[in-house]
Amino acid sequence: MKKTLALLLSILVLVGCSSNPSSSEEIKVYTRDSSSGTREAFESIIGLDALTSNSAETTANGDMAKQVGASPSGIGYVSLTTDFEANKLSPLSYEGVEPTVETVNNGSYKLARPFSYVTRADGDFGSDEKQQLVLAFIDYLANSTEGRQVVLAAGGIVDTASGTPWAQLAKNHPIVEQDNSSITLKTGGSTSVDKTLTAAVKSFIPLAGNFKYEPNATGSGDAYKRALGAEKDGANAIDIGFASREFKAEEPVSEGLTSGVYALDAVVVVVSSSNTKIKDASAKQLVDIFNGTIKTWNEFE
């Protein structure tokens with residue numbers, strides 16, 4: 001009996017050691033690739049000038065979530081639209097404020113950024129029908145009550161009360177009344193907008209002649225490039241580009257037929273759900289972690 005109890009205690013100790021990082025264990029920093037709007041928003045808001053050379057680069061929002069969730073000593077950042085529980089993540093408060101739709105809307109949560117869009121230039125969609133369909137979708141996504149409700153349900157942060165019923169907006173877009181099954185709308189750019197964008201497109205397809213949809217999310221840096229820039233006529237050309245940040249000065253979106261912001265999002269710092277050593281982080285603490293000044297978890301005890 002004593003041997004059995006001792007064995008059980010040993011197993012529990014081993015399990016505890018493998019799940020929660022020890023005080024002396026080195027923090028594993030995860031970051032997004034250089035084209036990521038999430039990375040740019042995160043680094044600019046906290047004031048990070050130089051990333052530690054020991055960081056591990058992830059390819060997309062889902063990849064970041066998966067890797068941090070599997071690393072007891074890891075820390076990274078994801079979109080608020082991420083399923084934290086499914087990825088075994090614990091979201092951290094920032095400067096004492098929890099990341100929620102309410103705190104982003106009221107401005108108290110400061111790690112927030114826009115979900116931006118830009119389209120191809122006027123007359124550069126291949127057909128007038130596709131151009132009109134793109135305008136109809138943007139109106140639905142950004143301005144309609146129904147579109148905003150879908151975006152909100154998918155995790156985006158929008159004001160649904162000030163939206164306009166789609167039945168009213170649709171009168172401005174007769175293209176939605178015809179069969180559009182021969183048209184394929186192509187989108188690309190940020191991976192962080194995927195949940196909200198996909199939900200909006202799927203809800204719009206039956207309202208707009210059952211057009212086809214082809215997403216190609218590879219990072220915010222590709223949004224302008226593939227809609228208006230160097231790759232706009234290549235194999236990866238898109239009709240609408242999305243960025244999870246503001247477009248830069250060197251990305252002149254005024255060249256597009258239309259551009260704007262359809263929702264807000266929060267960048268959320270996350271650790272593995274097995275990590276109970278940190279629940280909140282200040283900008284200074286995050287800068288010190290991500291530039292390598294803070295190297296172990298004992299500085300949070």
Side-chain angles (χ1 to χ4, degrees), residues 27-52 55-58 60-65 67-69 74-85 87 89-116 151-152 154-159 189-196 219-221 242-248 261-273 275 277-294 299-300:
I27 297 171
K28 182 64 176 178
V29 171
Y30 290 88
T31 187
R32 285 288 306 279
D33 58 278
S34 59
S35 68
S36 166
T38 308
R39 174 173 172 172
E40 183 169 335
F42 172 72
E43 292 184 353
S44 64
I45 294 171
I46 69 170
L48 179 65
D49 294 323
L51 184 69
T52 174
S55 62
E57 192 171 279
T58 61
N61 192 76
D63 184 38
M64 170 77 85
Q67 292 203 46
V68 176
I75 188 169
Y77 48 87
V78 295
S79 166
L80 182 60
T81 61
T82 304
D83 190 330
F84 301 118
E85 184 176 356
N87 286 286
L89 295 172
S90 287
L92 304 185
S93 295
Y94 176 69
E95 300 282 3
V97 180
E98 292 184 12
T100 66
V101 169
E102 290 73 25
T103 58
V104 174
N105 268 331
N106 66 30
S108 59
Y109 185 79
K110 302 302 183 182
L111 266 178
R113 41 77 181 271
F115 278 175
S116 308
V151 169
L152 180 66
I157 300 168
V158 292
D159 179 11
S190 171
T191 62
S192 296
V193 308
D194 181 63
K195 279 190 175 182
T196 56
S220 292
F242 291 88
S244 50
R245 57 166 170 79
E246 295 181 355
F247 284 103
K248 303 175 184 178
V261 171
Y262 77 89
L264 296 177
D265 183 41
V267 179
V268 183
V269 180
V270 290
V271 295
S272 166
S273 56
N275 185 346
K277 294 183 177 296
I278 177 173
K279 298 294 184 184
D280 177 80
S282 66
K284 184 179 186 308
Q285 286 174 319
L286 292 176
V287 167
D288 287 345
I289 289 173
F290 281 83
N291 70 16
T293 301
I294 294 177
E299 296 182 50
F300 290 98

* Stepwise side chain to side chain donor-acceptor pair (under 3.5 Å) test for Gln67 and Asp63 -> CA-CA 6 Å; Gln67 292 203 46; Asp63 184 38; 3.2 Å; yes

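- With hydrogens and angles disregarded, a donor-acceptor distance shorter than 3.5 Å links the side chain of Tyr109 to the backbone of Val267.
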* Go through Asp159 and Asn105 one step at a time and tell me if the side chain to side chain contact (heavy atoms under 4.5 Å, CB included) criterion holds. => CA-CA 9 Å; Asp159 179 11; Asn105 268 331; over 6 Å; no

* To do: List the steps and the verdict of side chain to side chain contact (heavy atoms under 4.5 Å, CB included) for Asp49 and Asn291.
  => CA-CA 8 Å; Asp49 294 323; Asn291 70 16; over 6 Å; no

* Decide yes or no on side chain to side chain donor-acceptor pair (under 3.5 Å) for Asp265 and Thr81, but give the supporting numbers first. => CA-CA 8 Å; Asp265 183 41; Thr81 61; 5.0 Å; no

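- With sequence neighbours left out, the side chain to side chain contact (heavy atoms under 4.5 Å, CB included) criterion links Ser116 to Pro114, Phe247, Val261.
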* Does the pair Arg32 and Thr191 meet the rule for a side chain to side chain contact (heavy atoms under 4.5 Å, CB included), with working shown? -> CA-CA 11 Å; Arg32 285 288 306 279; Thr191 62; 3.4 Å; yes

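- Within the 3.5 Å criterion, the main-chain N or O of Gly219 finds no donor-acceptor partner in the side chain of Ser190.
- Counting heavy atoms from C-beta on, the side chains of Asp194 and Asn61 never come closer than 4.5 Å.
- Side-chain atoms of Tyr262 do not come within 3.5 Å of backbone N or O of Val158 as any donor-acceptor pair.
- For the salt bridge (Lys or Arg N to Asp or Glu O under 4.0 Å) test, residues two or more places apart in sequence or in another chain that qualify with Glu57 are Arg39.
- You'll find the side chain of Leu48 stays beyond 4.5 Å of the side chain of Leu286, heavy atoms only.
- Not one N or O on the side chain of Lys195 forms a donor-acceptor pair closer than 3.5 Å with the backbone of Ser192.
- A donor-acceptor pair is defined here as one N or O able to donate and one able to accept, closer than 3.5 Å; such a pair exists between the side chain of Arg113 and the backbone of Ser244.
- Checked by atom type and distance alone, the side chain of Thr196 never pairs as donor or acceptor with a backbone atom of Val151 at under 3.5 Å.
- Screening residues 283-292 for salt bridge (Lys or Arg N to Asp or Glu O under 4.0 Å), with sequence neighbours left out, gives Lys284-Asp288.
- Counting heavy atoms of neighbouring residues, nucleotides and ligands inside a 6.0 Å radius, atom CD of Glu95 exceeds 12 of them.
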* To do: Kindly indicate, with the supporting measurements, whether the criterion side chain to side chain contact (heavy atoms under 4.5 Å, CB included) is fulfilled by Val78 and Thr38.
  => CA-CA 7 Å; Val78 295; Thr38 308; over 6 Å; no

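- Residues Phe42 and Thr31 fail the side-chain proximity criterion, which asks for heavy atoms closer than 4.5 Å.
- Leu89 is not listed as a side-chain neighbour of Val268, based on a closest heavy-atom distance of 4.5 Å or more.
- For the 3.5 Å distance criterion, the side chains of Thr103 and Ser108 fail to qualify, holding no donor opposite an acceptor.
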